[in-house]
Amino acid sequence: MDIPAYAPQELEATVQQRWQHAQTFKASAAPSGEKFYALAMFPYPSGQLHMGHVRNYSIADAIARYQRMLGKEVLQPMGWDAFGLPAENAALKNGVAPAQWTLENIAHMRGQLQRLGLSYDWSREFATCTPDYYRWEQWLFVKLWEKGLVYQKLSTVNWDPVDQTVLANEQVVDGCGWRSGAPVERREIVQYFLRITAYADELLQGLDTLSDGWPEQVLTMQRNWIGRSEGAEIHFPLAAGDGVIKVFTTRPDTLMGATYLAVAPEHPLAQQAAGQNAELAHFLERCRHGSVSEASIETQEKEGHPLGIYVKHPLSGAKLPVWAANFVLIGYGEGAVMSVPAHDQRDFEFARKYDLPIRAVISAEGLPLDTTAMSEAYTGPGRLVNSGSFDGLPSDTAKSLITAALAEKGLGQKTVNYRLRDWGISRQRYWGTPIPMIHCEHCGIVPVPEQDLPVVLPTHYQLKDPRSPLLDDPEFLNVACPVCHAPARRETDTMDTFVESSWYYARFACPDAAHMLDQRAIDWLPVDQYVGGVEHAVLHLLYARFFNRLLRDTGLLPADGIHDEPFKRLLTQGMVLKDGSKMSKSKGNTVDPQGLIDRYGADTARLFILFAAPPEQHLEWSDSAVEGAHRFLSRIWRLVHEYGPDHQAIPSEISPEARDLRRAVHQCIDRVSRNMDGRYHFNVAIAAIMELTNALMKVTADAPADLRAILGEGLRAITLLISPFAPHIAEVLWTQLGQNGEISKTSWPEADPEALRSDTITLVIQVNGKLRERMDFPADADNASIEKAVLSAPAMQRHLEGKTIRKCIVVPGRLVNLVLG
RNA sequence: GCCCAGGUGGCGAAAUAGGUAGACGCAAGGGACUUAAAAUCCCUCGGCUUAUGCCGUGCCGGUUCGAGUCCGGCCCUGGGCACCA
């Protein structure tokens with residue numbers, strides 16, 4: 001028999017054309033039956049598809065295809081997260097305009113994605129850098145400004161004094177600008193903020209509703225990021241003059257142990273004190289250097305300097321010095337902390353370094369502590385000592401009593417504090433959504449009126465330096481004030497690109513809507529399964545949850561409880577690693593998937609990447625294992641072609657051998673199905689299909705009719721089961737097996753419980769927990785008869801000889817453990 | 001520094017809910033077919049040890065008839081830390 005060679009290149013092209021003609025994956029405007037919205041995080045058009053993309057989209061597509069075969073109406077869209085820093089960097093390096101660079105990359109990557117045969121509804125594709133998309137972001141921005149959910153305040157950025165530009169944290173290397181090499185300075189500028197803190201409690205509580213569909217790890221990270229903590233706000237009155245320094249603490253019980261206050265270098269009091277204190281001014285100046293990133297601040301050597309200012313302890317009245325310290329963050333809480341060296345490790349080290357007093361007020365046993373002998377802070381709970389009338393109280397009681405005492409004096413109260421800070425969305429960059437505001441000398445800051453939207457970003461610039469070209473373009477800058485019509489100036493800051501990725505999932509449901517969203521978004525949302533990298537566990541996924549609530553509270557989504565959260569289920573995919581670290585351009589360890597696809601085809605690439613590891617785990621790249629995936633597909637190809645389109649009915653009476661094979665077929669269907677939903681362990685599902693294939697290969701051409709018929713049943717099952725992973729070959733084999741229609745729209749097979757049933761089971765016999773024998777039993781044997789049979793079995797006698805039986809544990813269906821003494 | 005993960009053969013991994021450690025695949029070795037090669041098919045494949053034996057899931061300890069799985073304490077690797085996306 002002549003079997004055509006498995007030639008994936010032509011085969012995949014043909015199948016893809018068929019799908020395109022039949023519009024197989026086009027989603028309806030509004031789902032009429034049960035809907036399933038599958039979404040993978042859309043890519044930044046960096047130029048080349050990388051392995052992380054292939055993995056991300058293969059996972060999401062396997063899920064989408066499975067759900068489609070379950071009979072649901074599936075929406076799976078694709079688009080482009082098209083604004084961002086790399087386009088500007090490329091523009092500077094290659095002299096190509098960011099818009100052009102971005103659009104060329106999209107064209108190339110679209111081709112690469114299409115080559116993978118993912119079941120997208122391409123009619124919904126959009127890029128976020130088009131005015132049709134970002135105009136609605138501008139529209140919403142103005143709405144939020146009017147509601148007070150957007151506001152301006154000072155905040156700190158990395159300033160490159162040579163390039164005269166703001167740097168992203170990534171662009172600061174060892175405290176210096178990556179292009180100029182100059183030490184960066186911290187600079188305070190006025191920026192726009194989204195009031196995410198107003199939603200802190202709702203975002204926190206919403207996590208509880210996600211516990212079924214989101215990984216516990218991500219929920220924990222978001223909880224910690226929001227960082228709700230109960231404690232007290234405490235006011236320390238200045239010793240000289242009016243005013244107080246406010247601090248937040250979760251440990252008001254340690255208040256009597258506070259021996260100094262520490263404020264951020266940017267704190268107004270520190271800045272003020274530096275006026276008369278050259279040494280302090282010098283210290284604050286040194287603190288201005290280095291990146292603003294929390295990681296760099298938290299890992300630097302802890303340093304401080306006294307302000308020469310004192311406060312009064314709110315309860316004892318004792319005079320405490322105020323220090324400036326480089327580890328206190330101005331953006332967190334009040335930018336000041338009370339320091340209790342005896343009970344906080346960082347305060348302890350700081351106090352030892354600068355010889356500040358240490359006063360122990362909590363001890364586990366309630367006995368006074370010798371602070372000179374302490375080698376580290378005692379941070380646990382205990383009973384109060386050295387705390388006057390509070391002595392002897394346990395920490396918990398002391399917390400509320402001390403807070404009450406403060407409240408009585410008007411110097412504090414119980415407070416809830418969040419680690420979460422408002423979302424700064426201003427970027428001093430060109431390639432982003434223009435912020436729709438106008439600066440007028442007379443009217444101040446004025447939003448662009450709705451009829452003047454969108455504020456279109458000019459796309460023709462050739463960048464000469466990192467400075468935004470908008471700053472030098474009179475055509476963009478000059479505008480009449482919408483209120484008084486006097487000459488005014490446009491805002492040149494653009495929005496954080498996280499804004500675009502915070503609502504794209506909703507726009508995919510109605511990409512041509514005449515407004516930001518329409519009814520179709522309500523019908524398709526929430527996303528039933530979202531798939532993307534773990535690295536987005538907090539920022540993107542928290543911003544999108546926040547933004548979804550903004551859409552709801554603007555009336556674009558209903559407040560019906562169903563639309564609060566954007567993503568019902570989340571799968572966080574592990575990274576693709578090479579030589580132990582993340583594949584990335586900057587590390588130069590990327591493997592281009594294009595070569596893989598050219599050589600073996602999309603089906604092999606997809607099958608390999610899903611087989612190599614479970615989706616949530618990191619995947620260590622290896623070239624050789626790809627061969628195995630390709631071999632497997634070739635094997636199925638041959639098997640199906642050898643069998644052909646013969647339809648043989650399974651006889652009603654079949655041999656025990658045939659019954660075993662049929663059980664294997666249905667066990668495979670069962671195992672694959674259970675791994676397609678919930679756990680998504682595609683590697684195990686594929687292994688099960690391989691195992692069945694191995695079993696089916698043993699059925700020869702001259703085998704009895706019952707075995708041949710079951711071989712046919714098995715081959716149909718394998719083709720269906722493999723189709724979410726290797727859809728092209730599955731379509732062709734489906735036809736080869738004499739089946740009609742597209743396999744992509746065929747029903748998923750169901751395991752027959754009758755075929756799964758087995759008459760006998762094999763139990764493992766352990767002695768003192770160690771495997772010794774195996775014995776067969778009828779499937780319905782009860783524990784007592786099993787125990788009896790084990791003890792009387794000839795093979796067991798040598799294990800039992802001279803021993804007494806202390807215990808016999810029978811685990812139904814699994815094992816028997818004899819405990820002998 | 002803080003938060004979250006992960007660590008099982010030469011390698012990627014598997015092990016529903018505490019019950020046979022290593023399914024499936026890669027690599028390697030041996031064989032069949034072939035003039036030869038490729039392809040394909042078959043066999044072996046954790047370690048010690050000439051086993052019906054012992055040891056073995058990062059390290060140390062604990063709970064249990066039984067621990068990769070649960071508990072306590074470490075070590076190492078990775079991700080995130082608010083302007084990379």
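Here is the naming used below: chain letters follow the sequence lines, and residue numbers restart at 1 for every chain. All heavy atoms count here, side chains included; hydrogens, waters and symmetry mates do not.
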Which glycosidic conformation, syn or anti, is assigned to B:G62 if syn requires a torsion within 90° of zero? anti
Short side-chain to backbone donor-acceptor contact, [X] and [Y], under 3.5 Å:
X      : Y      : value
A:N817 : A:G769 : yes
A:S426 : A:Y192 : yes
A:E88  : A:Y430 : yes

Nearest-nucleotide 5' precedence on RNA chain B, A:T156 against A:F611: A:F611
Please compare A:S634 and A:M690 by the position of their nearest nucleotide in RNA chain B and report the one closer to 5'. A:M690
Tell which nucleotide pairs with [N], taking only Watson-Crick or G-U wobble pairs whose two distances are both under 3.5 angstrom.
N     : result
B:A85 : none
B:G22 : none
B:C45 : none
B:G6  : B:C76
B:A17 : none
B:A39 : none

Quantified in whole Å, what is the [atom1] atom distance between nucleotide [N] and nucleotide [M]?
N     : M     : atom1 : answer
B:C33 : B:C24 : C1'   : 27 Å
B:U44 : B:C54 : C1'   : 23 Å
B:A27 : B:C11 : C1'   : 7 Å
B:A13 : B:A21 : P     : 22 Å
B:C2  : B:G73 : P     : 15 Å

Heavy atoms under 4.0 Å, any strand shown: does [X] hit a base, just sugar-phosphate, or nothing?
X      : result
A:Q428 : base
A:V218 : nothing
A:V166 : base
A:N169 : sugar-phosphate
A:L420 : base
A:A295 : base
A:R223 : nothing
A:T299 : base
A:W423 : nothing
A:V764 : base
A:V811 : base
A:P614 : sugar-phosphate
A:G533 : nothing
A:H536 : base

Using a cut-off of less than 4.0 Å, is there contact between a side-chain N or O of [X] and OP1 or OP2 of [N]?
X      : N     : answer
A:R671 : B:C24 : no
A:N694 : B:G25 : yes
A:R631 : B:C26 : yes
A:R635 : B:C41 : yes
A:K770 : B:G19 : no
A:Q617 : B:A13 : yes
A:N768 : B:G66 : no
A:T497 : B:A85 : yes
A:R427 : B:C83 : yes

Could you state the atom-to-atom distance from [atom1] of [X] to [atom2] of [N] in whole Å?
X      : N     : atom1 : atom2 : value
A:Y6   : B:A38 : OH    : P     : 23 Å
A:Q766 : B:U64 : CD    : C1'   : 13 Å
A:F193 : B:C83 : CZ    : P     : 8 Å
A:F632 : B:U40 : CZ    : P     : 14 Å
A:L815 : B:U20 : CG    : C1'   : 8 Å
A:M51  : B:G12 : CE    : C1'   : 15 Å
A:K698 : B:C41 : NZ    : C1'   : 11 Å
A:F42  : B:C84 : CZ    : P     : 17 Å

Whether the side chain of [X] and the base of [N] hold a donor-acceptor pair under 3.5 Å is what I'd like checked.
X      : N     : result
A:N224 : B:C3  : no
A:E535 : B:C4  : no
A:R774 : B:U20 : yes
A:R806 : B:C65 : no
A:R679 : B:U16 : no

Does A:R419 make a cation-pi contact with A:W225 (under 6.0 Å, within 45 degrees of the axis)? yes
Of the candidate nucleotides [options], which contains the atom at the shortest distance from the side chain of [X]?
X      : options             : value
A:Q217 : B:A21, B:C84, B:C4  : B:C4
A:V684 : B:A82, B:U52, B:A15 : B:A15
A:I809 : B:C65, B:C41, B:C83 : B:C65
A:R429 : B:C83, B:A82, B:A5  : B:C83
A:N817 : B:U52, B:G19, B:A82 : B:G19

Flag the pair [X] / [Y] as yes when their ring centroid distance falls below 6.0 Å, and as no otherwise.
X      : Y      : value
A:F83  : A:Y134 : yes
A:Y530 : A:W214 : no
A:Y543 : A:W423 : yes
A:F725 : A:F682 : yes
A:H630 : A:F608 : no

Heavy atoms only: give me the nearest A:A82-A:I106 pair and the separation to one decimal. CB-CD1, 4.3 Å
What do you reckon, is CD of A:Q797 surrounded by more than 12 foreign heavy atoms closer than 6.0 Å? yes
